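Bear in mind the structure is a predicted one, so any value in this text is a computation, not a measurement. Just so we're on the same page: letters track the sequence lines, and every chain starts at 1.
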2 protein chains.
Amino acid sequence: MGTDSGERVIVRRGGDHTRRQAQRVALELFTSQGYEATPLRQIAEALGITKASLYYHFPSKEAILRSLFEDRAAEAEDLVAWLRTQPRSPELLETAVLRWVESFSADKLQGIRFMAANPLIARAMSSAEGGRVGANLTALADELVALLPSPGPTDGLLVRMSILSINAAVEAAAGTDTDDGDIITTAAAAARALLRLIMAGQDRG
Amino acid sequence: MGTDSGERVIVRRGGDHTRRQAQRVALELFTSQGYEATPLRQIAEALGITKASLYYHFPSKEAILRSLFEDRAAEAEDLVAWLRTQPRSPELLETAVLRWVESFSADKLQGIRFMAANPLIARAMSSAEGGRVGANLTALADELVALLPSPGPTDGLLVRMSILSINAAVEAAAGTDTDDGDIITTAAAAARALLRLIMAGQDRG
DNA sequence: GTCTATAGTGGGATAGAC
DNA sequence: GTCTATCCCACTATAGAC
């Protein structure tokens, strides 16, 4: 993914403007209707072009899906990479989880909504052997559980739940008119509550 | 179903045995692959019959889906009905949420997995005007928030999250070999932690 | 209650002109 | 880069025999 730092300075558009628009529209439709339930025709129509024209920009429907997913996976990869640079300590667990949850500014929440709306696809993509998305959230959770002094059998589950609290909050807010900022702060509060639960267990362990 | 005329005495099965089997198989496949991604042919094959035979038992694919969903929705309805018989108090919030979360014995978890795997469909069915599934979880959450002495803007979200903690736990456990019992007890612990969060906010409010 | 055969539809994908 | 036209296939659903 874009590991070069400059990201090509400025005017990137024109070259792939339609392609980016297609990704934006696809993300919306896949989120509101689901991937399988969204025909390419609908994406094309929203762009004002035909189905066939879409194939100039993407070789297949699945390629659109993958392009979306890889954008999101990059964020998890970045966090895992950062984790590896940090000194290992139990406190790092809380720091990492909150860093993850709070990294979602309102515009990035759309990515979480997409994942939450297509859980089976998100799972399949995470475990795809294609390479790319190796550093998924499960890997992150494993790294974090290993930080605990005496990890119990359900601690892995709790850590995963705390990481996924942003997903849970988005899912719980679906269908309501909850403010995006409220979703994020509530998810962070929930994550902290779960982490306290884990730490309390460590004391007893 | 009614070609009787005696002789049937006890053995009620056989009457809708295939139908029930179809529901069982459909629940499994819809959960592991998703509703849209599962062709009727696959369900039929798993039963050892043909696609056409399936149409003897269900008028459409959607009818299979609905039959599954209505079974699950009945549980939420029961809890809401029970809620209405209880004296109103803030303590009822915790009682109700835990009653819900812990009502999932291991065999019922499959229903939650189905919902978790098909969130868009679950949402669409919940808000379907067809009548039946009126008492969904959102309605339950609203009843519960109303029990709080001074409900804040994010309390509704937190209550929904605590109800959905069983879903969150199932989702977090997906892809791992977590024991079903551990999932339920962890979900209950998480629900309690979120409820404590809500109650702490009430003190300050 | 299950079968074979088939209708009918819609979607992903391609060919080739402009 | 976008179009029209088309292919191919898989799926839902139906018809009618046994």
| message | So, OP1 or OP2 of C:dG1: does either fall under 4.0 Å of a side-chain N or O from B:Y56? | response | yes
| said: Does a side-chain N or O of A:H17 approach OP1 or OP2 of D:dG1 to a distance below 4.0 Å, or not? | reply: no
| query | Going by atom types only, do B:Q21 and B:R24 share a side-chain donor-acceptor pair under 3.5 Å? | reply | yes
Rounded interatomic separation in angstrom, taking [atom1] from [X] and [atom2] from [N]:
X: A:Q33; N: C:dG11; atom1: CD; atom2: C1'; result: 14 Å
X: A:I43; N: C:dG12; atom1: CD1; atom2: C1'; result: 12 Å
X: A:L47; N: D:dT2; atom1: CG; atom2: C1'; result: 12 Å
X: A:R19; N: D:dT2; atom1: CZ; atom2: P; result: 13 Å
X: A:F58; N: C:dT14; atom1: CZ; atom2: P; result: 15 Å
X: B:L54; N: C:dG1; atom1: CG; atom2: C1'; result: 12 Å

| remark: Readout for nucleotides 3-16 of chain D: B = base within 4.0 Å of protein heavy atom, S = sugar-phosphate only, - = neither; 5' to 3' it is BB------SBBBB-
| task | Measure the spacing between CD of B:E36 and CD of A:E36 and express it to the nearest 0.5 Å. | result | 6.0 Å
| field | Presence of salt bridge, A:D180 and A:R113, under 4.0 angstrom | value | yes
| note | So the ring pair (Phe, Tyr, Trp, His ring centres under 6.0 Å) pairs with at least one residue in residues 176-199 of chain B (sequence neighbours excluded) are none
| request: In sequence, state the C-alpha distance, the side-chain angles, and the governing distance for A:V80 and A:W100, and then conclude on side-chain contact (heavy atoms from CB on, under 4.5 Å). | output: CA-CA 10 Å; A:V80 172; A:W100 170 254; over 6 Å; no
| Is it true that the NZ or CZ of A:K61 lies under 6.0 Å from the centre of A:Y35's six-membered ring and within 45 degrees of the ring axis? | yes
